[in-house]
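This report concerns only the one structure given below.
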Amino acid sequence: TDRINIAIDGPAGAGKSTIARRVAERLSYVYVDTGAMYRAATWYFGQRGIEPEDEEKLLQMLPDLVIELIPEPDGQRVVINGQDATDEIRSIKVNAKVSRYAQVEGLRSRLVALQRQMALRKGVVMDGRDIGTTVLPDAEVKVFMTASVEERARRRFNEMKEQDQITMEQLIQDMARRDRLDQERKISPLRQAEDAVLLDTTNLNLEEVVNVIISMCRSFV
Ligand code: C5P
């Protein structure tokens with residue numbers, strides 16, 4: 001049977017990455033975590049002291065940035081120019097800055113080009129903010145995944161590496177700020193594609209959400 005592409009968008013902590021990975025497993029598809037790519041870029045430029053405002057320098061150095069997403073049984077490793085930064089890209093520091101780097105047009109167009117290339121042969125489950133609207137507007141299945149802000153904070157808390165350094169209250173504020181920046185930015189803001197299915201996962205467990213998406217794919221695969 002023919003393979004399809006699946007786009008999963010939504011705000012921070014909606015459970016996109018866990019769900020997308022499971023859906024990919026079930027279909028033997030490839031999972032692409034585009035958030036990890038923006039996080040990797042943020043870490044890379046942060047290390048080199050280049051702020052998002054310094055667009056000229058940033059774009060000059062962009063060709064040197066090499067991001068590898070290496071699938072592992074229990075997630076993925078993120079290697080940036082040969083250096084493992086799997087944990088670093090989930091740090092509080094990167095959380096605080098990623099949405100500002102994600103506003104830089106030249107960075108976005110470079111990452112979008114890479115993402116499209118990864119999906120050329122189909123059989124990809126890609127999650128992010130602009131997949132259904134910009135990266136893969138022709139994806140056969142599009143989901144816009146949400147959950148209540150409390151539930152999203154709880155989920156994000158559980159996947160963080162530095163729980164002891166952050167309170168739930170801070171996490172909610174960080175998420176709300178990031179969502180606002182992502183929704184209000186000029187280039188490909190976070191929003192539901194017209195042909196995307198809205199899926200509120202607040203009261204659904206992981207298996208239920210995965211099953212909903214798999215059943216959406218049934219007419220294709
Ligand atoms: O998905 P995750 O929370 O790891 O994404 C981190 C940040 O990367 C988002 O808050 C957003 O600013 C940016 N991002 C984006 N476009 C995507 C994926 C992520 O702008 N497709």
Side-chain angles (χ1 to χ4, degrees), residues 5-21 24 31-46 52 58 62 65 67 69 75-78 80 85-119 124-137 139 142-147 149 151-162 166 171-193 196 201:
N5 283 333
I6 303 168
I8 302 180
D9 291 299
K16 300 184 298 290
S17 56
T18 312
I19 300 295
R21 183 172 296 123
Y31 166 54
V32 180
D33 176 359
T34 65
M37 298 169 77
Y38 287 93
R39 288 171 178 277
T42 300
W43 182 79
Y44 176 85
F45 290 115
L58 193 152
L62 193 53
L65 169 60
I67 304 169
L69 304 180
Q76 68 183 353
R77 270 193 315 126
V78 178
I80 305 166
T86 307
D87 292 341
E88 286 80 356
I89 65 157
R90 309 281 165 199
S91 68
I92 291 167
K93 218 168 145 185
V94 168
N95 269 355
K97 293 195 125 181
V98 60
S99 292
R100 305 230 329 284
Y101 284 94
Q103 292 176 332
V104 178
E105 183 167 19
L107 175 60
R108 292 204 74 84
S109 56
R110 160 113 172 139
L111 294 186
V112 167
L114 289 172
Q115 292 153 9
R116 285 184 180 147
Q117 211 167 32
M118 295 181 206
V124 161
V125 185
M126 193 175 283
D127 80 339
R129 302 293 186 288
D130 60 341
I131 311 305
T133 53
T134 304
V135 181
L136 305 177
K142 296 183 186 181
V143 177
F144 194 84
M145 203 180 284
T146 60
V149 70
E151 180 59 24
R152 294 197 283 120
R154 209 163 17 241
R155 290 174 188 174
R156 218 352 102 84
F157 189 75
N158 290 332
E159 62 176 53
M160 286 202 64
K161 304 282 177 193
E162 304 163 278
I166 192 162
L171 201 63
I172 288 177
Q173 269 175 29
D174 166 69
M175 264 182 12
R177 187 187 55 86
R178 216 138 52 81
D179 289 345
R180 186 171 45 74
L181 286 174
D182 291 344
Q183 282 157 357
E184 290 177 355
R185 72 167 170 242
K186 277 205 259 358
I187 313 141
S188 37
L190 167 66
R191 61 176 176 78
Q192 185 181 342
T201 66

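Order of appearance sets the numbers: ligands from 1, and atoms from 1 within every ligand.
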For Val124 and Met118, the nearest pair of non-hydrogen atoms, with its separation, is CG2-O, 3.4 Å

- request: Carefully, step by step, assess Leu65 and Ile80 under the rule side-chain contact (heavy atoms from CB on, under 4.5 Å).
  value: CA-CA 7 Å; Leu65 169 60; Ile80 305 166; 3.7 Å; yes

Residues at least two apart in sequence or cross-chain that pass side chain to side chain donor-acceptor pair (under 3.5 Å) with Thr34, listed by chain then number, are none

Short N or O separations between ligand 1 and the protein, below 3.5 Å:
from     : atom 1 : to     : atom 2 : distance (Å)
ligand 1 : 1 (O)  : Arg129 : NH1    : 3.0
ligand 1 : 3 (O)  : Arg39  : NH2    : 3.4
ligand 1 : 3 (O)  : Arg129 : NH2    : 2.9
ligand 1 : 3 (O)  : Arg156 : NH1    : 3.4
ligand 1 : 3 (O)  : Arg156 : NH2    : 3.3
ligand 1 : 3 (O)  : Arg178 : NH1    : 3.3
ligand 1 : 4 (O)  : Arg39  : NE     : 2.6
ligand 1 : 4 (O)  : Arg39  : NH2    : 3.4
ligand 1 : 10 (O) : Ser99  : OG     : 3.3
ligand 1 : 10 (O) : Arg129 : NH2    : 3.3
ligand 1 : 10 (O) : Arg178 : NH1    : 2.8
ligand 1 : 10 (O) : Asp182 : OD2    : 2.8
ligand 1 : 12 (O) : Ser99  : OG     : 2.9
ligand 1 : 12 (O) : Asp182 : OD1    : 2.7
ligand 1 : 12 (O) : Asp182 : OD2    : 3.4
ligand 1 : 16 (N) : Arg108 : NH2    : 3.1
ligand 1 : 20 (O) : Arg108 : NH1    : 2.8
ligand 1 : 20 (O) : Arg108 : NH2    : 3.4
ligand 1 : 20 (O) : Arg185 : NH1    : 2.9
ligand 1 : 20 (O) : Arg185 : NH2    : 3.1
ligand 1 : 21 (N) : Thr34  : OG1    : 3.0
ligand 1 : 21 (N) : Arg129 : N      : 3.1
ligand 1 : 21 (N) : Asp130 : OD1    : 2.8

Would you call Arg156 and Asp179 a salt bridge, taking side-chain N to carboxylate O under 4.0 Å as the test? no

What side-chain donor-acceptor pairs closer than 3.5 Å can you find for residues 35-46, not counting sequence neighbours?
from  : atom 1 : to     : atom 2 : distance (Å)
Tyr38 : OH     : Arg108 : NH2    : 3.2
Arg39 : NH1    : Ile89  : O      : 3.0
Arg39 : NH1    : Asn95  : OD1    : 2.9
Arg39 : NH2    : Asn95  : OD1    : 3.2
Thr42 : OG1    : Tyr38  : O      : 2.7

Taken in chain and number order and not counting sequence neighbours, the residues that satisfy salt bridge (Lys or Arg N to Asp or Glu O under 4.0 Å) with Arg129 are Asp182

